[in-house]
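In what follows, a structure is listed as structure tokens, so that the remarks can point back to it.
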Amino acid sequence: MRVDVVGAGAVELPEGAVYADLVARLGAEQALAVAAGDQVLELFRPVTAASVRLLRFTDAKGRQVFRHTAAHVLAQAVKRLYPKAQLAIGPATDEGFFYDILFPEPISSADLAAIEAEMARVVAEDHPVSRQEISRQDALAWFTQAGEPFKVALIEALRDDAVITTYRQGEFTDLCRGPHLARTGLIKALRLTNVAGAYFQGNDQGPMLQRVYGTAFPSDDELERHFFLIEEAKRRDHRRLGPELDLFSFHDVAPGFAFWHPKGLALYEALVGFSRSLQQPLGYQEVSTPWIYKTELWQTSGHAAHFKDNMFLMEAEGEAFGVKPMNCPGHCLLFSETTRSYRELPLRIAEYGPLTRRERSGTLHGLLRVRGMHQDDTHTFLAPEQIEEVVAEALGLVDAIYEAFAMPIEIHFSTRPADRMGEEALWDRAEAALEGVLKEAGRPYVTDPGEGAFYGPKLDFVATDALGRRWQVATVQLDFQLPIRFDLHYIDRDGRQKTPVMVHHAIMGSLERFIGVLVEHFAGAFPLWLAPVQVRLLPISEAEHESAQGVRATLQAAGLRVELDGRNEKVGYRIRHAEKDKVPYVAVIGQREVEAGTLAVRERGGRDLGAMPVKDFVSELQHKVASRWLGPGHHAEESR
RNA sequence: GCUGACGUAGCUCAGUCGGUAGAGCACCUGCAUGGUAAGCAGGAGGUCCCCGGUUCGAUCCCGGGCGUCAGCUCCA
């Protein structure tokens with residue numbers, strides 16, 4: 001029989017061959033499984049497909065097979081050490097794998113070493129993995145007798161016509177749909193990382209299981225690199241760097257709300273300035289609207305029915321109020337203030353003011369998940385035929401902003417959620433319009449069914465940072481509902497009243513979250529245009545203080561953010577501090593510079609630019625700020 | 001919100017088997033007036049998260065609360 005192998009041509013195999021034979025014939029030792037269309041098959045399966053693709057660890061699907069088997073090795077080791085432990089589910093994740101287990105007595109992270117050692121034995125024993133198809137009755141009987149109630153529940157939840165399979169390695173058998181590696185011995189490097197709580201099937205009414213996390217690689221080197229990246233992420237953690245760089249802080253009495261220090265606010269203002277510089281030319285008009293409204297408004301908007309659990313509610317003089325979690329209802333009131341003409345559309349409104357959301361306490365996470373935030377929020381009121389134009393414009397904003405930070409963007413199209421309002425026909429129209437714009441622009445995207453907002457479908461944008469981590473940031477939402485609920489109208493060309501459509505968008509999203517992401521993306525070493533302190537002046541001795549103050553005034557007048565470090569310390573000491581504070585430029589002023597009217601400039605990271613006239617320094621920096629230059633030293637800078 | 005762990009100086013952390021605490025960095029002062037990542041010496045700084053309980057005595061043990069962290073769920 002002939003099998004086509006993608007990238008390797010056709011291979012002739014004897015009848016009854018398995019995929020492992022195919023791999024051996026090709027000398028492709030690194031292949032972990034094969035893909036035939038959408039199906040991933042183990043190497044021990046008989047060859048049936050006419051065309052296959054080899055899956056290695058470098059393929060996401062190959063990696064998944066590898067780590068899925070690692071999860072089984074974990075389960076096998078656990079059952080050896082804790083025979084009474086009950087297994088739930090154990091999938092691969094992007095970073096590794098986990099297994100949800102109900103232990104007879106809860107274990108702690110101190111127990112992981114023993115489990116890891118037993119896993120190493122399972123790997124060393126190099127068990128072949130095999131697959132069995134099994135009837136529902138047999139499966140139920142087997143797992144009931146084995147004392148695995150979660151497996152029994154999983155089987156009971158399967159559809160009647162489902163093919164039930166088990167996988168066996170050594171003495172261990174697990175309910176599993178696969179696919180798996182052919183042998184446990186392929187898992188050369190693995191480590192358990194932590195243990196945390198998790199509910200069976202996400203049900204917080206059920207028992208709390210323990211989720212044991214780990215990761216696995218084909219070699220020790222790759223495992224080490226993985227943990228190096230994790231360490232690097234820890235060094236960049238905005239919750240550590242933010243307070244260290246004096247950008248922001250949190251206080252126990254205001255959980256989820258940041259204190260913005262002067263330096264953090266400088267960064268914040270630079271970002272808002274950037275947003276304004278892009279949106280104002282497109283016609284966005286900035287407003288400020290109330291932040292507390294009577295419940296009546298939230299009933300009109302639908303927030304009372306769909307978002308109440310995420311709002312801070314209060315009572316005053318016997319009347320119920322809610323603090324705004326979004327600007328849209330206020331902007332709708334603003335729109336309805338006067339009679340609007342089609343000539344005003346699209347009417348673009350922007351607001352950078354505070355929003356408050358009652359996030360559940362356990363979900364708060366530094367700046368990345370807060371209760372008090374500010375968005376680069378806009379609402380555009382438009383005629384239905386303008387949807388494409390306005391959404392395309394928003395796409396342009398997303399591109400402009402994320403390009404400025406060298407962050408690639410991925411688009412997610414989120415469709416109607418279960419908890420929603422409005423007629424299905426309008427949802428059909430809204431979804432078709434959004435998807436149409438993406439297709440028209442030829443942009444790749446993934447569809448997230450059921451992830452839309454309660455008032456409309458949306459485009460969510462996921463940015464990738466310098467460490468390859470992904471962050472949900474921008475959102476563009478289409479909304480046919482609020483204009484109806486607020487009874488909004490405009491007078492069209494034909495003199496008739498018509499209902500506008502709304503587009504909501506926040507390109508940086510929450511500025512809090514965005515700054516948190518940027519701190520980690522840049523490891524706190526911001527490009528010049530964002531840096532809270534752009535230049536630090538460093539007079540060598542007291543004799544140059546007066547001159548340094550003059551230079552400071554000059555730089556400040558030129559719009560640069562400057563600090564003067566005139567402390568009674570040696571130059572080396574103050575340079576060290578400037579580096580730790582990640583200031584882009586240090587300008588040293590000694591006797592020579594005073595006499596020549598120059599500055600001895602040092603770039604962050606250690607590059608000495610030599611002496612240059614103050615004027616030249618100013619104009620060079622102004623140019624770099626205006627062009628939003630990403631330097632100095634942007635990518636993956638080593639922290640020391 | 002749920003499960004678990006943690007909460008000591010501005011930061012990172014030590015310590016007290018129950019007798020009210022210490023280091024490094026940061027900060028302040030003095031000496032040294034200095035040339036590109038730590039000069040020398042000294043000083044100040046604490047409600048050991050909060051409230052109760054046990055105890056002659058609690059930062060330490062117990063209970064409750066708050067906060068943080070790791071997850072679950074949710075999300076900009």
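The chains referred to below are lettered A, B, ... by the order of the sequence lines, with proteins before strands, and numbering in each begins at 1.
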- Item | Span that lies between the P atom of G19(B) and that of C49(B), in whole angstrom | 16 Å
- Task: May I ask you to verify whether the side chain of Arg360(A) and the base of U73(B) hold a donor-acceptor pair under 3.5 Å?
- Result: yes
- Thr215(A): side-chain contact (heavy atoms from CB on, under 4.5 Å) partners, not counting sequence neighbours: Arg67(A), Phe217(A), Leu223(A), His226(A), Phe227(A)
- Message: Can you see if the side chain of Arg211(A) gets near the phosphate of G4(B) - specifically, an N or O under 4.0 Å from OP1 or OP2?
- Response: no
- Could you point out which residue of Arg604(A), Lys263(A), Arg536(A) forms a salt bridge (charged side-chain N to carboxylate O under 4.0 Å, His left out) with Asp581(A)? Arg536(A)
- G30(B) versus C66(B) - spacing of their P atoms, nearest Å: 48 Å
- Query: Listed by chain and number, what are the ring pair (Phe, Tyr, Trp, His ring centres under 6.0 Å) partners of Phe312(A), not counting sequence neighbours?
  - Reply: none
- Task: Answer yes when Glu512(A) and Arg369(A) have at least one side-chain N-carboxylate O distance shorter than 4.0 Å, and no when they do not.
- Result: no
- May I have the distance from Asp565(A) (atom CG) to G35(B) (atom C1'), rounded to whole angstrom? 15 Å
Run the side-chain donor-acceptor check on residues 86-95 of chain A: report pairs under 3.5 Å with partners two or more places apart or on a different chain.
{"from": "Thr93(A)", "atom 1": "OG1", "to": "Glu95(A)", "atom 2": "N", "distance (Å)": "3.4"}
{"from": "Thr93(A)", "atom 1": "OG1", "to": "Gly96(A)", "atom 2": "N", "distance (Å)": "3.0"}
{"from": "Thr93(A)", "atom 1": "OG1", "to": "Gly96(A)", "atom 2": "O", "distance (Å)": "3.3"}

- Message: To the closest 0.5 Å, what do you measure between CG (Leu560(A)) and CZ (Phe617(A))?
- Response: 7.5 Å
- Message: Any residue in residues 587-596 of chain A with a heavy atom nearer than 4.0 angstrom to RNA chain B? Just list them by number, or reply none.
- Response: Val588(A), Gly590(A), Gln591(A), Arg592(A), Glu593(A)
- Query: Just to confirm, is there a sub-4.0 Å distance from OP1 or OP2 of U36(B) to any side-chain nitrogen or oxygen of Lys570(A)?
  - Reply: no
- Message: I'd like the P distance from C6(B) over to G10(B), given in whole Å.
- Response: 23 Å
- Query: Is it true that Arg211(A) and Asp100(A) make a salt bridge, defined as a side-chain N closer than 4.0 Å to a carboxylate O?
  - Reply: yes
- Message: Say we look at U8(B) and C13(B): how far apart would their P atoms be, to the nearest angstrom?
- Response: 9 Å
What side-chain donor-acceptor pairs closer than 3.5 Å can you find for residues 238-245 of chain A, not counting sequence neighbours?
{"from": "His238(A)", "atom 1": "ND1", "to": "Glu520(A)", "atom 2": "OE2", "distance (Å)": "2.9"}
{"from": "His238(A)", "atom 1": "NE2", "to": "Leu367(A)", "atom 2": "N", "distance (Å)": "2.8"}
{"from": "Arg239(A)", "atom 1": "NE", "to": "Asp237(A)", "atom 2": "OD1", "distance (Å)": "3.1"}
{"from": "Arg239(A)", "atom 1": "NE", "to": "Asp237(A)", "atom 2": "OD2", "distance (Å)": "3.3"}
{"from": "Arg239(A)", "atom 1": "NH2", "to": "Asp237(A)", "atom 2": "OD2", "distance (Å)": "2.7"}
{"from": "Arg240(A)", "atom 1": "NH1", "to": "Glu244(A)", "atom 2": "OE1", "distance (Å)": "3.0"}
{"from": "Arg240(A)", "atom 1": "NH2", "to": "Arg235(A)", "atom 2": "O", "distance (Å)": "2.7"}

- Got a donor-acceptor pair under 3.5 Å from the side chain of Arg604(A) to the base of A37(B)? no
Anything under 3.5 Å between a donor and an acceptor, one on a side chain of residues 456-464 of chain A, the other on a protein residue two or more places apart or in another chain? List them.
{"from": "Asp460(A)", "atom 1": "OD1", "to": "Thr475(A)", "atom 2": "OG1", "distance (Å)": "3.0"}
{"from": "Asp460(A)", "atom 1": "OD2", "to": "Ser414(A)", "atom 2": "OG", "distance (Å)": "3.2"}

- Among all residues two or more places apart in sequence or in another chain, which pass the ring pair (Phe, Tyr, Trp, His ring centres under 6.0 Å) test with Phe307(A)? His303(A)
- Task: Check whether the side chains of Thr289(A) and Glu351(A) place a donor and an acceptor atom closer than 3.5 Å, and report yes or no.
- Result: yes
- Measure the distance from CG on Leu459(A) to C1' on A76(B) and round it to the nearest whole Å. 15 Å
- Task: Would you tell me if any nitrogen or oxygen in the side chain of Arg357(A) comes within less than 4.0 Å of OP1 or OP2 on C75(B)?
- Result: no
- C1' atom, C60(B) versus G53(B): distance in rounded Å? 15 Å
- Contacts of Phe98(A) meeting ring pair (Phe, Tyr, Trp, His ring centres under 6.0 Å) (sequence neighbours excluded), chain-then-number -> Tyr213(A)
- Establish whether the base of A38(B) is bridged to the side chain of Glu579(A) by a donor-acceptor pair shorter than 3.5 Å. no
- Message: Rounded at 0.5 Å granularity, tell me how far NZ in Lys580(A) sits from CD1 in Ile575(A).
- Response: 14.5 Å
Protein-nucleic acid N or O pairs under 3.5 Å, nucleotides 25-28 of chain B:
{"from": "A26(B)", "atom 1": "OP1", "to": "Tyr573(A)", "atom 2": "OH", "distance (Å)": "3.4"}
{"from": "A26(B)", "atom 1": "OP1", "to": "His577(A)", "atom 2": "NE2", "distance (Å)": "3.3"}
{"from": "C27(B)", "atom 1": "OP1", "to": "Arg567(A)", "atom 2": "NH1", "distance (Å)": "2.4"}
{"from": "C27(B)", "atom 1": "OP2", "to": "Tyr573(A)", "atom 2": "OH", "distance (Å)": "3.3"}

Could you write out each protein N or O paired with an N or O of nucleotides 40-42 of chain B at a distance under 3.5 Å?
none

Under 3.5 Å, which protein N or O atoms sit close to an N or O of nucleotides 63-70 of chain B? Give each pair with its distance.
{"from": "G67(B)", "atom 1": "O2'", "to": "Asp252(A)", "atom 2": "OD1", "distance (Å)": "2.7"}
{"from": "C69(B)", "atom 1": "OP1", "to": "Arg239(A)", "atom 2": "NH1", "distance (Å)": "3.1"}
{"from": "C69(B)", "atom 1": "O3'", "to": "Arg239(A)", "atom 2": "NH1", "distance (Å)": "3.4"}
{"from": "A70(B)", "atom 1": "OP1", "to": "Arg239(A)", "atom 2": "NH2", "distance (Å)": "3.1"}
{"from": "A70(B)", "atom 1": "OP2", "to": "Arg239(A)", "atom 2": "NH1", "distance (Å)": "3.4"}
{"from": "A70(B)", "atom 1": "OP2", "to": "His365(A)", "atom 2": "ND1", "distance (Å)": "3.3"}
{"from": "A70(B)", "atom 1": "O2'", "to": "Asn194(A)", "atom 2": "ND2", "distance (Å)": "2.8"}

- Quantified in whole Å, what is the P atom distance between nucleotide G7(B) and nucleotide G43(B)? 31 Å
- Message: Could you work out, with ring pair (Phe, Tyr, Trp, His ring centres under 6.0 Å) as the rule, every residue matching Tyr455(A), not counting sequence neighbours?
- Response: His504(A)
